[in-house]
Amino acid sequence: MNICLLGMCFTSFTVVSAQENLQADTVKSLQLPDVEVVSQSRISVTKQVAPLQILDNKSIERLGIQDLSEAVRRFSGVTVKDYGGIGGLKTVSVRSLGAHHTAVSYDGVSIADAQSGQVDISRFTLDNVDMVSLSTGQSDDIFQTARVYASAGALHIKTQKPRFVGGKPFLLSVKMKGGSFGLVNPVLSYSRQLNNRWSASAYVDYMRADSKYPFTLTNGTIKTREKRINSDIETIRLEGNVYGDFGRRGGSLEAKLYTFHSERGLPGSANFYNKTATERLWNDNSFVQARYKNQLSEQFAIQMVAKYTYAYSRYKDVNDKYSAGFQEDRNTQHEYYGSAGVLYNLFSSLSASFTADYAHTQLNNNFLNAAQPKRNTSLTAFAMQYKRNSFTATGSLLGTYISDEVENGDRPADHKRLSPAIAFSWQPFQKNVLRVRASYKDIFRIPTFTDLYYLRMGNIGLTPEKTKQWNAGLTWSGNIGQIVRYLSISADGYYNKVEDKIVALPTLYVWRMMNMGEVEIKGADVNLSMEIPLSEKINMLLSGSYTYQHVIDVTDFDAKNYKDQIPYTPRHTGSASATFETPWVNVSYLLTAVGERYALPQNIKANNINAYTEQSLSLNRTFKLKNVSMRLQGEILNIADTQYDVIQYYPMPGRSWRLSVLFNL
């Protein structure tokens, strides 16, 4: 930019000098129009006050990743619960706090599910994603919705905003994916520049698969080769966006319409004595959202968000155990959500923000004498940040007020709470980019509608889960001579404690939700990435992550599972990748390793789930054909054909393949 300005000044000087030589007695002035240069700066993850991990579109393409859950698994400290197959439900837990404590935001606006409290990320795709990031604890960004403040960790999904260059008023992208187990996945994306202020985009994604993958069923010494049944899926995803840019003082507007429909079979657990599966699940999820941002001055900015969400689920099981021969559950959710925030820069190094959120949620279902609950949620967040080159400190205070109403039965007491958080990052040596960071966050989660009201299991006497998070770490980034062009390292140790954990426990006749749990979490995350030029034309990129988690139940000293590792939490997990960029073809190798876990609270051999490693290989090449760009990609997943379970008795697919071709016009 400086070079461009110097060039403009030099050109102007030359023109003026020439005019003076030709017409000495005439003075003319030419006023050039203002030019605004806009560029998107890359976020430095090593300067953050709390752990932040990012995969941008370029990194996703380099690694050959085509599924959101595969991308999230590259992050340290993350557990993705996967019920197997292409259509299996997938939820995200950060540092073993549970999926209920993880917020998922889509283009800056949170996705909520008051019924279950967790989001199935298989609803989303990577084909139109610009960046995926995961923040843990107190974020550096103080200008965000209060709902994000109310989570222990947040998964942010940012979709691609169309960029029109060279005077071209439209962008068209067509992609076709196919693979093992009947996978067919066409994708169409179209963007149009309407005028100098407005643009729009549309995205369509259809996917189907039968998911009849083979697996080995073991019962003692007996082993049989089976195929997964009733695991088919069919989905369609539609998304429309409108973007408005009103200049430096007018602000920007982004509006989105999203709808997702799916029908899938639920294969159930695979065991030796039950080889039938008749459960089906239909989902309709739609929302419309708008976000307006305006930098009114150098000191003052505002942000407003509005969203309406509709979610419908239908579950059906045909079985003789039901008096009618089948059971059908229908649930419908409506949510109206709004957020308004202001950011004020008091000084060049000190800023403050205030954000207020309100949400009204209601659940209707077909259960007899159901509660039909409604929930009003008010969240207010005040945050301050002091930022210099070598030191950053952030603090926030979140106020929460939640009240439920029901049509049948009793309602729980209202919930009120203040939740503080604080974090800092410090560069102790001026000539060394080593940074030290530490953070603390006190947060809680409100019982979901399922926890409170589900049939006879619900318990309106539940209190919120209370979570305390401590984190301390070191980060460093830079280069090492001519050998390593870029190197980034981060290491964080953390301690979390969860009190009043909500669990399902057996009572005299039925299971019931109870506040009985207390969990201690000690762990460490290590992340490394580097870029090494092997020659003028060949580049190698290496990355790796490792997580250690000691997550124990300390609820009852006399219990058999006292200080045992909690279910589905491995002590050791890690991932590694190597990418080679060449003029001929780009090659990526990915490895994921997960240690042994336990399916039930007691750490005994009968509950053990074996450790596993999964390896994948991806090759891609981009061709230029006049005005068309074509990208070909082929993948082999689970190269070693390893059979493993993420959830016990839900076998994952073995070796498989995927092919895709992408045309950008």
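Both backbone and side-chain heavy atoms feed into the values below; hydrogens, waters and symmetry mates do not.
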Under the side-chain contact (heavy atoms from CB on, under 4.5 Å) test, which residues partner [X], sequence neighbours left out?
{"X": "Ser133", "value": "Leu52, Ile54, His156"}
{"X": "Leu126", "value": "Ile60, Ile65, Leu68, Ala71, Val129, Val132"}
{"X": "Ser201", "value": "Ser191, Asn241, Tyr243"}
{"X": "Tyr322", "value": "Asp317, Asn319, Gln327"}

Measure the [atom1]-[atom2] distance between [X] and [Y] for me, rounded to the nearest 0.5 Å.
{"X": "Leu188", "Y": "Leu238", "atom1": "CG", "atom2": "CG", "value": "10.5 Å"}
{"X": "Tyr401", "Y": "Thr377", "atom1": "OH", "atom2": "OG1", "value": "10.5 Å"}
{"X": "Asn283", "Y": "Arg314", "atom1": "CG", "atom2": "CZ", "value": "11.5 Å"}

_Could you tell me if Lys227 sits above the aromatic ring of Phe215, with its cationic atom closer than 6.0 Å to the ring centre and no more than 45 degrees from the axis?_
no
*asked:* The test is side chain to side chain contact (heavy atoms under 4.5 Å, CB included); show your working for Arg375 and Leu452 and say whether it passes.
replied: CA-CA 12 Å; Arg375 173 170 292 177; Leu452 294 169; 3.3 Å; yes
Does either side chain, that of [X] or that of [Y], offer a donor lying less than 3.5 Å from an acceptor on the other one?
{"X": "Ser252", "Y": "Asp245", "value": "no"}
{"X": "Ser543", "Y": "Ser577", "value": "yes"}
{"X": "Tyr336", "Y": "Gln362", "value": "no"}
{"X": "Asn620", "Y": "Asn586", "value": "yes"}
{"X": "Ser588", "Y": "Thr579", "value": "yes"}
{"X": "Gln303", "Y": "Tyr292", "value": "no"}
{"X": "Tyr358", "Y": "Asn376", "value": "yes"}
{"X": "Gln53", "Y": "Ser76", "value": "yes"}
{"X": "Glu614", "Y": "Tyr644", "value": "yes"}
{"X": "Gln633", "Y": "Arg631", "value": "yes"}
{"X": "Glu465", "Y": "His100", "value": "no"}

Contact summary for [X] and [Y], nearest pair of heavy atoms:
{"X": "Ile446", "Y": "Ile402", "answer": "CG1-CD1, 3.0 Å"}
{"X": "Ser199", "Y": "Gln193", "answer": "CB-CA, 4.1 Å"}
{"X": "Gln372", "Y": "Asn364", "answer": "OE1-CA, 3.1 Å"}
{"X": "Asp329", "Y": "Asn366", "answer": "CA-OD1, 3.7 Å"}
{"X": "Ser93", "Y": "Thr102", "answer": "CA-OG1, 3.9 Å"}
{"X": "Asn294", "Y": "Arg248", "answer": "OD1-O, 4.2 Å"}

Residue list, salt bridge (charged side-chain N to carboxylate O under 4.0 Å, His left out) with [X], at least two apart or on another chain:
{"X": "Lys175", "answer": "Asp127"}
{"X": "Glu405", "answer": "none"}
{"X": "Asp357", "answer": "none"}
{"X": "Asp232", "answer": "Arg280"}

Any carboxylate oxygen within less than 4.0 angstrom of a Lys/Arg side-chain nitrogen, looking at [X] and [Y]?
{"X": "Lys158", "Y": "Asp56", "value": "no"}
{"X": "Arg658", "Y": "Glu70", "value": "yes"}
{"X": "Glu234", "Y": "Arg264", "value": "no"}
{"X": "Asp107", "Y": "Lys256", "value": "yes"}
{"X": "Glu239", "Y": "Arg237", "value": "no"}

*salt bridge (charged side-chain N to carboxylate O under 4.0 Å, His left out) pairs, two or more places apart, involving residues 179-196*: none
Do any N or O atoms from the side chain of [X] and from the backbone of [Y] form a donor-acceptor pair under 3.5 angstrom?
{"X": "Ser656", "Y": "Ser180", "result": "no"}
{"X": "Thr592", "Y": "Ser575", "result": "no"}
{"X": "Tyr106", "Y": "Thr159", "result": "no"}
{"X": "Asp284", "Y": "Tyr312", "result": "no"}

*Applying ring-ring contact (aromatic ring centres under 6.0 Å, His included), run through Trp198 and Phe246 and close with a yes or a no.*
CA-CA 9 Å; Trp198 294 94; Phe246 312 113; 5.3 Å; yes
*Take Lys177 and Gln66 through the side chain to side chain contact (heavy atoms under 4.5 Å, CB included) test and state the conclusion after the steps.*
CA-CA 10 Å; Lys177 289 189 287 186; Gln66 298 202 52; 2.7 Å; yes
_All ring pair (Phe, Tyr, Trp, His ring centres under 6.0 Å) counterparts of Tyr310, not counting sequence neighbours_ = His334
*Is the Tyr258 ring parallel, tilted or perpendicular to the Phe260 ring (thresholds 30°, 60°)?*
parallel
*Go through the steps to decide whether Phe287 and Tyr308 satisfy the test ring-ring contact (aromatic ring centres under 6.0 Å, His included), and finish with yes or no.*
CA-CA 5 Å; Phe287 63 78; Tyr308 165 72; over 10 Å; no
*Go through the steps to decide whether Thr448 and Asp451 satisfy the test side chain to side chain contact (heavy atoms under 4.5 Å, CB included), and finish with yes or no.*
CA-CA 5 Å; Thr448 67; Asp451 296 334; 3.1 Å; yes
*asked:* Is there a side chain to side chain contact (heavy atoms under 4.5 Å, CB included) between Arg73 and Val78? Walk through the geometry before answering.
replied: CA-CA 7 Å; Arg73 285 191 182 97; Val78 170; over 6 Å; no
Contacts under 3.5 angstrom, residues 144-155 side chains, donor-acceptor by atom type, not counting sequence neighbours:
from, atom 1, to, atom 2, distance (Å)
Gln144, NE2, Asp141, O, 2.9
Arg147, NH1, Glu335, OE1, 3.3
Arg147, NH2, Glu335, OE2, 3.1
Tyr149, OH, Ile142, O, 2.7
Ser151, OG, Val148, O, 2.8
Ser151, OG, Gly153, O, 3.3

*asked:* Once side-chain hydrogen bond (donor to acceptor under 3.5 Å, both in side chains) is applied, do any residues pair with Ser529, and if so which ones, sequence neighbours excluded?
replied: none
